[in-house]
Amino acid sequence: MTVALTGNTLITRNPSILFNDFDDGLMMMDIDSGNYFDVDSVGGRIWALLDSPATLDTICDSLVAEYDVEPGTCRTETIGFVQELAGKGLVTLCPS
């Protein structure tokens, strides 16, 4: 089932993902599939913001406050990243 991402979509980490921060990003491993994933520092920051379930709006508000990025660009790129995570089973999306 595909969930359309809106500002109120609740994003939750897959608890089966192990991860470790590095200077320039994050390395993740899905212990169920054995697949590894690496993301850049901004992706790592999004992952950190998902320490507890968060909405797309909450994540984008934090990123806009922390980085020099236009809100529209941030939202577009964050949606793409979260959809990629969801497609790989690293997060789940729950419409509200």
Side-chain angles (χ1 to χ4, degrees):
M1 177 176 114
T2 302
V3 175
L5 262 170
T6 68
N8 292 325
T9 301
L10 190 64
I11 305 159
T12 304
R13 286 183 186 172
N14 177 338
S16 297
I17 305 301
L18 301 176
F19 60 94
N20 195 12
D21 290 313
F22 291 95
D23 289 339
D24 57 350
L26 180 79
M27 178 66 71
M28 298 184 281
M29 179 184 152
D30 183 339
I31 57 175
D32 293 331
S33 69
N35 291 325
Y36 287 89
F37 307 94
D38 64 348
V39 297
D40 65 14
S41 61
V42 177
R45 179 64 184 132
I46 292 171
W47 188 258
L49 291 168
L50 292 171
D51 185 41
S52 55
T55 65
L56 179 65
D57 281 348
T58 301
I59 294 169
C60 289
D61 288 348
S62 295
L63 294 174
V64 167
E66 295 175 30
Y67 295 94
D68 183 21
V69 60
E70 293 295 322
T73 300
C74 180
R75 186 175 194 83
T76 299
E77 293 185 6
T78 301
I79 287 172
F81 180 72
V82 169
Q83 287 175 327
E84 185 178 336
L85 293 178
K88 293 176 179 175
L90 303 176
V91 297
T92 57
L93 308 176
C94 182
S96 57

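- Separation of atoms CG (Asp57) and CZ (Arg75) is listed at 5.0 Å; rounding is to 0.5 Å.
- Atom CE of Met27 sits about 9.0 Å away from atom CG of Asn20, to the nearest 0.5 Å.
- Across all their heavy atoms, Val82 and Leu5 have their closest contact at CG1-CD1, 3.9 Å.
- Side-chain heavy atoms closer than 4.5 Å link hydrophobic residues (I, L, V, M, F, W, Y) into clusters, and following such links, even through other members, never connects Phe19 to Phe22.
- Ile59 and Val69 fall within a single hydrophobic cluster, where Ile, Leu, Val, Met, Phe, Trp and Tyr side chains are chained together by heavy-atom contacts under 4.5 Å.
- No side-chain heavy atom of Asn14 sits under 4.5 Å from any side-chain heavy atom of Thr92.
- In terms of heavy-atom proximity, Cys74 sits nearest to Cys60 at SG-O, 4.0 Å.
- Here the shortest heavy-atom pairing between Ala4 and Thr9 reads O-OG1, 3.5 Å.
- Of all heavy-atom pairs spanning Asp32 and Ser16, the tightest one is OD2-OG, 3.1 Å.
- The two residues Val91 and Arg13 come nearest to each other via the heavy atoms CG1-CA, 4.2 Å.
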- Message: Would Met28 and Asn35 count as a side chain to side chain contact (heavy atoms under 4.5 Å, CB included) here? Give the steps.
- Response: CA-CA 8 Å; Met28 298 184 281; Asn35 291 325; over 6 Å; no

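- Put simply, OG1 on Thr78 and CD on Gln83 are 11.0 Å apart, with the number rounded to the nearest 0.5 Å.
- To the nearest 0.5 Å, atom OH of residue Tyr67 and atom CD of residue Glu77 are 12.0 Å apart.
- Looking at every heavy atom in both residues, Ala86 comes nearest to Leu93 through CB-CD1, 3.9 Å.
- Residues Phe81 and Val64 share a single hydrophobic cluster, defined by chaining ILVMFWY side chains whose heavy atoms lie under 4.5 Å apart.
- Tyr36 is connected to Ile31 through a chain of hydrophobic side-chain contacts under 4.5 Å among Ile, Leu, Val, Met, Phe, Trp and Tyr, so both are in one cluster.
- Taking NZ from Lys88 and CD1 from Ile17, the interatomic distance works out to 11.0 Å, rounded to the nearest 0.5 Å.
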Donor-acceptor list for residues 42-56 side chains, cut-off 3.5 Å, not counting sequence neighbours:
{"unit_1": "Arg45", "atom_1": "NE", "unit_2": "Glu66", "atom_2": "OE1", "d": "2.7"}
{"unit_1": "Arg45", "atom_1": "NE", "unit_2": "Glu66", "atom_2": "OE2", "d": "3.3"}
{"unit_1": "Arg45", "atom_1": "NH2", "unit_2": "Glu66", "atom_2": "OE2", "d": "2.9"}
{"unit_1": "Thr55", "atom_1": "OG1", "unit_2": "Thr58", "atom_2": "N", "d": "3.1"}
{"unit_1": "Thr55", "atom_1": "OG1", "unit_2": "Thr58", "atom_2": "OG1", "d": "2.8"}

